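Following: one structure in structure tokens, then a few remarks.
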Amino acid sequence: MSNLKDIKSEIEKYANDSNLSELQIVEKLEKHYFDKKVNENLKLYKKGKKKVSEITKDLKISPRKFYAILEKKKIGHKKYKKD
């Protein structure tokens, strides 16, 4: 519990020093760690060690969103035709 108090105090201290609110800082941290996790999973996806379903379950995102990330980063993937 003391670790959480330390983190809270550091966030409050940073908020006082910067022009950001605590919530904005937390959102930036969330985005940073989400991107970090995505990059780790993309490396495994490129090597063929992890499937899309496992990655989407791990990141708690939809497959459509994951494919959008692949398109954005210009990573090749199979496209299935809906007939």
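Since this is a predicted model, take the numbers as computed values, not measurements. Heavy-atom basis, side chains included; hydrogens, waters and symmetry copies ignored.
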side-chain contact (heavy atoms from CB on, under 4.5 Å) between Y33 and K36, worked out: CA-CA 5 Å; Y33 285 109; K36 186 176 177 181; 4.3 Å; yes
Can you check side-chain contact (heavy atoms from CB on, under 4.5 Å) on I69 and I61, steps first, answer last? CA-CA 11 Å; I69 292 170; I61 60 173; 4.2 Å; yes
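There is no path of hydrophobic side-chain contacts, each under 4.5 Å, that joins L29 to L59. Neither I25 nor F34 shares a network with the other; the hydrophobic side chains, linked directly or stepwise wherever heavy atoms of I, L, V, M, F, W or Y lie under 4.5 Å apart, form separate groups for each.
If you take CG on L23 and CD on E30, they are separated by 9.5 Å, rounding to the nearest 0.5 Å. The CD atom of E54 sits 13.0 Å away from atom NZ of K49, with the distance rounded to the nearest 0.5 Å. Distance NZ/K72 to NZ/K65: 10.0 Å, rounded to 0.5 Å.
Looking at every heavy atom in both residues, N41 comes nearest to I55 through O-CD1, 3.7 Å. The shortest non-hydrogen separation linking I75 to K46 is CD1-CE, 3.6 Å.
Under the side-chain hydrogen bond (donor to acceptor under 3.5 Å, both in side chains) criterion, K73 pairs with N39, sequence neighbours left out. In this structure K37 satisfies the salt bridge (charged side-chain N to carboxylate O under 4.0 Å, His left out) test together with D58, sequence neighbours excluded.
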With a cut-off of 3.5 Å and sequence neighbours excluded, list every side-chain donor-acceptor pair involving residues 11-18.
from	atom 1	to	atom 2	distance (Å)
N16	ND2	E12	O	3.3
S18	OG	Y14	O	2.9
S18	OG	L20	N	3.4

